[in-house]
Amino acid sequence: PSDNPADRAAGAAPLVLTLALPPALQARADAWRSARTPAAARRAPAHVTLFRHLPGLALPALVGDLRTLAAMPAPRMRLQPPERWDRLWVARVDCPELDRLGAELRERWHGLLAPGDIAQPRLHLALGAQPVAPPPLLEGPWAVPGLLLWRHRAPARGGAEHDGAFWTPLVACAFHR
């Protein structure tokens with residue numbers, strides 16, 4: 001571990017685990033969001049989140065588990081038509097393999113998880129908080145390329161509203177093809 005306080009603070013920052021989206025789906029979802037959401041409100045690319053608040057200091061153990069589990073065949077997910085969840089438009093994700101993967105990770109990471117990450121999530125692709133419904137995305141099935149681990153950082157307080165990405169990519173683990 002570093003003795004530099006900035007390095008220690010970055011190591012303690014929470015980590016976010018998402019699915020890597022197929023390039024065509026990523027491009028379409030990002031284009032929809034970019035056309036309708038101000039840049040300052042786009043804190044991350046379009047994504048499907050598996051875990052929202054993993055401990056940054058456990059990075060080596062988390063990466064080891066992700067690399068082990070990414071040896072599985074690429075899961076195939078289907079998207080449901082967009083629906084409104086409070087202020088947010090989402091496309092629900094159906095994929096039993098991802099449900100099982102999430103359960104396996106929750107079991108492995110028991111004791112490391114924040115309360116919001118303990119329960120099985122309702123997997124969804126967030127499409128934004130626009131007043132207009134997004135067009136349906138292609139249902140799929142989509143082969144999920146892999147898993148992405150990001151470092152989350154909070155926006156600066158009292159300073160600029162947005163001084164760059166809030167999520168920094170750390171590790172990509174590709175599923176077996």
Side-chain angles (χ1 to χ4, degrees), residues 1-27 29-30 33 41-77 79 88 90 92-126 141-157 159-160 162-177:
S2 170
D3 289 331
N4 180 327
D7 290 345
R8 285 197 310 272
L15 306 176
V16 179
L17 181 63
T18 68
L19 300 180
L21 298 177
L25 178 58
Q26 185 75 59
D30 282 341
R33 288 167 45 128
R42 291 191 311 269
R43 298 178 179 190
H47 58 280
V48 174
T49 304
L50 295 173
F51 292 92
R52 299 182 184 285
H53 200 279
L54 297 169
L57 295 175
L59 179 63
L62 299 173
V63 171
D65 288 339
L66 294 176
R67 289 195 171 130
T68 297
L69 294 174
M72 68 185 272
R76 299 185 69 76
M77 68 179 190
L79 296 176
L88 186 66
V90 303
R92 282 186 300 115
V93 171
D94 291 330
C95 183
E97 296 97 332
L98 289 174
D99 293 340
R100 285 191 293 276
L101 174 66
E104 170 74 16
L105 289 170
R106 283 190 300 283
E107 185 176 312
R108 285 176 181 245
W109 297 342
H110 180 75
L112 295 177
L113 298 178
D117 283 338
I118 293 171
Q120 176 157 339
R122 296 186 304 169
L123 295 180
H124 62 278
L125 174 58
W142 295 93
V144 178
L147 301 168
L148 301 174
L149 193 59
W150 307 78
R151 183 170 317 282
H152 177 270
R153 69 176 178 83
R157 292 187 185 183
H162 182 62
D163 60 353
F166 289 95
W167 291 13
T168 303
L170 295 178
V171 177
C173 297
F175 286 118
H176 180 69
R177 294 261 167 178

Q | Residue pair M77, L19: steps toward the side-chain contact (heavy atoms from CB on, under 4.5 Å) verdict | A | CA-CA 11 Å; M77 68 179 190; L19 300 180; 4.1 Å; yes
(Q) Checking V16 against L54 for the side-chain contact (heavy atoms from CB on, under 4.5 Å) test, could you report, in this order, the C-alpha distance in whole Å, the side-chain angles of both residues, the deciding distance, and whether it holds? (A) CA-CA 6 Å; V16 179; L54 297 169; over 6 Å; no
Q. After noting the C-alpha distance and the side-chain angles of R106 and D117, does the key distance pass the side-chain contact (heavy atoms from CB on, under 4.5 Å) rule?
A. CA-CA 8 Å; R106 283 190 300 283; D117 283 338; over 6 Å; no
Q) Can H47 and W167 be said to form a ring-ring contact (aromatic ring centres under 6.0 Å, His included), step by step? A) CA-CA 11 Å; H47 58 280; W167 291 13; 4.6 Å; yes
Q) Under the side-chain contact (heavy atoms from CB on, under 4.5 Å) criterion, do L147 and V171 qualify, and how do the steps go? A) CA-CA 8 Å; L147 301 168; V171 177; over 6 Å; no
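Looking at every heavy atom in both residues, A126 comes nearest to L88 through CB-CD2, 4.2 Å. Counting all heavy atoms, side chain and backbone alike, C173 lies closest to L66 at SG-CB, 3.9 Å.
A salt bridge between E104 and R100 is absent, with no side-chain N of the basic residue lying under 4.0 Å from a carboxylate O of the acidic one.
Residue R52 places its CZ atom among 12 or fewer non-hydrogen atoms of other residues, nucleotides or ligands, all under 6.0 Å distant.
Although no hydrogens or angles enter the test, the distance criterion places no donor-acceptor pair under 3.5 Å between the side chain of Q120 and the main chain of G102. In terms of modelled atom types and a separation under 3.5 Å, the side chain of H124 and the main chain of R122 share a donor-acceptor contact.
By the 4.5 Å heavy-atom criterion applied to side chains, L15 and L62 are counted as neighbours.
Side chains of W150 and T168: a donor-acceptor N/O pair is absent below 3.5 angstrom, by distance only.
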